[in-house]
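Order of the sequence lines fixes the chain letters, A, B, ..., with proteins taken first and strands second; residue numbering starts at 1 for each chain.
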There are 2 protein chains.
Amino acid sequence: MKEVARLAGVSPMTVSRVLSAPHLVKPETLEQVQSIIRAVRYVPNRVAGSLASRRTSLVGLIIPSLRNALYAETIQGISDVLQRHGLHLMISDSGYSLEREEALISAYLSQRPCGLILHNTTHTEAARHLLQDSGVPCVETGNLTTQPIDMAVSYSNREAGRAMADHLLSRGYRRFGFASLPISGNERLRERRDGFFDGLRAAGIEIDPAMVLEVGEGLENGSHALAELMRRDASVQALFLAGDVLAAGAILECTRRGLRVPGDIAIAGSDDNELMQQTVPPITTVRFPRYRIGVRSAELIVSRQEEERSQPDTQSATEDLGFEIVPRGST
Amino acid sequence: MKEVARLAGVSPMTVSRVLSAPHLVKPETLEQVQSIIRAVRYVPNRVAGSLASRRTSLVGLIIPSLRNALYAETIQGISDVLQRHGLHLMISDSGYSLEREEALISAYLSQRPCGLILHNTTHTEAARHLLQDSGVPCVETGNLTTQPIDMAVSYSNREAGRAMADHLLSRGYRRFGFASLPISGNERLRERRDGFFDGLRAAGIEIDPAMVLEVGEGLENGSHALAELMRRDASVQALFLAGDVLAAGAILECTRRGLRVPGDIAIAGSDDNELMQQTVPPITTVRFPRYRIGVRSAELIVSRQEEERSQPDTQSATEDLGFEIVPRGST
DNA sequence: TTGTAAGCGTTATCAA
DNA sequence: TTGATAACGCTTACAA
């Protein structure tokens with residue numbers, strides 16, 4: 001910057017203004033400086049800028065897994081908003097471990113980000129403290145929480161589970177099975193499952209513990225879940241496969257076995273992805289507004305940031321973006 | 001840090017050492033300082049650290065689209081390696097636009113990252129200059145390039161296309177169709193398509209331009225592609241659907257139409273994802289080592305970084321990680 | 001093993 | 001509209 005200033009015959013401060021507040025610079029000076037900047041291909045150093053201004057352009061995102069296509073929509077929503085505001089996204093995965101999440105939060109806070117987004121609402125004690133003390137705007141997402149650390153943008157997994165129970169009951173099914181990814185350490189799935197059980201119980205139906213399964217990720221494990229649940233109870237009428245693409249895997253397995261869906265067995269999924277619409281038959285599912293969640297999360301952080309520049313009266317927020325049962329051919 | 005130093009009765013420099021070179025500190029002092037750090041919940045400021053050391057812990061990644069599940073594997077590979085080395089990943093999507101890529105490169109360079117990974121081998125003139133002048137280690141990936149800006153880790157899309165042609169020819173097919181996402185601005189797909197045509201041509205077969213289609217993303221568009229190509233030539237024998245999940249969409253459409261695969265029509269895909277293995281029949285495809293590519297890309301940047309600390313004799317590298325034709329039921 | 005001094009490359013602040 | 005000056009919170013280099 002000094003070099004640019006020297007060549008343009010102005011002070012470094014003027015160069016700085018050309019870059020970050022061009023409207024404060026006389027048009028001729030502006031153009032003069034800009035031409036030098038282009039000529040020497042000057043690339044400003046934001047590290048220095050951030051230190052001086054005590055403000056970075058980094059937003060941190062921690063998700064349970066990068067591989068899981070679920071998060072892609074949310075990430076795109078976040079990214080779209082941040083990019084419009086000149087902010088940058090750091091992403092890491094916690095591998096579903098709260099300890100790793102804590103370590104990541106700590107590492108991210110060292111970077112003095114202008115915001116943090118967590119796809120998670122349960123954290124270690126230490127992690128909560130870190131976040132609270134830091135004063136960094138923080139959005140929790142992935143599940144509705146009554147006690148957000150700062151802000152939350154989500155939907156109720158419990159209500160979604162209950163709504164799916166109501167849907168299946170309304171179709172006349174009475175014997176159920178349930179499968180999901182491992183519940184431990186995943187409050188989103190736990191809530192969805194418990195909501196489902198609540199809904200059945202309200203209709204006087206108790207699900208057999210043997211008909212509740214945890215399986216690994218992937219289509220293949222959806223197939224396994226179907227096979228195993230049918231083996232355990234050949235008269236089961238409806239399955240709720242909560243999580244990722246398990247339901248699609250089950251449908252594909254039905255195709256392979258020549259089972260009619262929903263004639264022989266009804267199958268419902270969650271997390272509407274395009275696969276759900278394209279199977280034969282298309283799968284009844286519960287859809288969460290993932291892109292919108294990314295967008296709102298990012299917007300909250302951006303607005304927090306802009307607030308800070310004017311009036312620093314921080315306000316917490318919890319937004320419930322809802323969900324939607326999408327009835328299709330499989331139930 | 002000053003505050004911690006004061007409370008611990010040492011100089012700030014000792015606190016700094018406790019954090020970044022603990023082996024240089026006397027054990028008692030170390031413990032003493034660490035206990036103060038915990039007590040006051042001191043979170044070091046890496047922005048300041050980076051400015052002083054002229055070294056950040058940020059690696060930038062630019063991919064064409066965040067939504068595309070293709071990149072998830074590569075990202076996970078990168079992330080796994082970086083996390084082990086205490087580095088952080090910034091991710092943005094260029095939306096398949098070279099101009100946006102250039103803008104992102106420029107923005108990333110301002111952050112003085114310790115490396116950049118581009119899922120792309122064609123760039124604007126300005127972008128190449130920026131990268132070359134910056135001296136920031138840069139890995140290009142996604143396609144084999146003869147002229148890497150710095151380093152490259154990839155596979156040959158052209159060879160992959162040719163290999164798929166050979167595979168289909170060896171199965172006895174002679175009338176072909178091809179569909180992919182839009183080719184323009186996507187050198188990876190162009191190469192794959194051209195390689196496919198090369199392979200056919202070598203066997204004396206020229207593909208009818210009417211049987212070459214570009215469609216949008218998603219399963220649904222795979223279905224459309226199948227419908228359209230069969231409409232244009234009812235006697236077509238084999239389709240190569242290159243890109244994303246188009247082939248799976250086509251297979252699902254065949255299921256809906258009651259077409260036998262490969263009896264009525266053979267279908268081959270690319271980018272082996274789990275969907276390809278689970279359809280009925282499973283889809284013949286070409287598999288790229290996406291996770292490995294992420295791993296190697298990150299490793300090259302890490303090793304460059306460590307080199308720099310010792311001997312600064314930078315060396316360029318192009319690594320070809322190959323691909324694999326996976327013959328399955330659909331051809 | 002620890003400390004001192006001098007930056008790192010910007011921006012905030014105030015004065016001109 | 002522009003400039004001088006003093007930070008920002010660390011690390012490097014060297015000295016003790």
For this session: Please lay out, stage by stage, how B/E187 and B/T122 fare under the test side chain to side chain donor-acceptor pair (under 3.5 Å).
Result: CA-CA 7 Å; B/E187 85 270 8; B/T122 49; 3.2 Å; yes
Exercise. Once you round it to whole Å, what is the distance between C1' of D/dC8 and CZ of B/R46?
Worked result: 17 Å
Exercise. So what does B/S50 touch, heavy atoms closer than 4.0 Å: a base, only the sugar-phosphate, or nothing?
Worked result: nothing
Problem set entry | A/S16 side chain, from C-beta outward: closest of D/dC10, D/dT12, C/dT11 | C/dT11
For this session: Take B/H23 and A/V43, find for each the nucleotide of DNA chain C with the closest heavy atom, and name the residue whose nucleotide sits nearer the 5' end.
Result: B/H23
Seminar exercise, completed: Among D/dT1, D/dG9, C/dT11, the one nearest any side-chain atom of A/L51 is D/dG9
For this session: Check for a donor-acceptor pair, side chain of A/T141 on one end and backbone N or O of A/V153 on the other, with a separation under 3.5 Å.
Result: yes
For this session: May I ask you to decide if the ring planes of B/Y155 and B/F288 are parallel, tilted or perpendicular, using 30° and 60° as cut-offs?
Result: parallel
Seminar exercise, completed: Here the distance between atom C1' of D/dT11 and atom CZ of B/R112, to the nearest Å, is 18 Å
Problem set entry | Length of the line joining B/R6:CZ and D/dG9:P, which is rounded to integer Å | 16 Å
Problem set entry | Spacing of B/M1 atom CE relative to C/dC8 atom C1', expressed in whole Å | 15 Å
For this session: Would you indicate which nucleotide in C/dT2, C/dT13, C/dT11 comes nearest to any side-chain atom of A/R17?
Result: C/dT13
Seminar exercise, completed: Closest to the side chain of A/A52, out of D/dA7, C/dT2, D/dT1, is D/dA7
Problem set entry | Taking every non-hydrogen atom, the tightest pair across B/E101 and B/N120 | OE2-ND2, 2.8 Å
Exercise. Considering only side-chain heavy atoms of B/M13, which listed nucleotide, C/dT1, C/dT11, C/dG3, is closest?
Worked result: C/dG3
Exercise. Reckon B/V47 touches a base, only the sugar-phosphate, or nothing at all at heavy-atom distances under 4.0 Å?
Worked result: nothing
For this session: Report which part of the nucleic acid A/V10 touches: base, sugar-phosphate, or nothing (heavy-atom distance under 4.0 Å, all strands).
Result: sugar-phosphate
Exercise. Between atom CG in B/L19 and atom C1' in C/dT2, what is the gap in whole Å?
Worked result: 16 Å
Problem set entry | Pair of N/O donor and acceptor under 3.5 Å linking C/dG7 base with B/R54 side chain | no
For this session: Measure the shortest side-chain to side-chain distance between A/R296 and A/L321 over non-hydrogen atoms and say whether it is less than 4.5 angstrom.
Result: yes
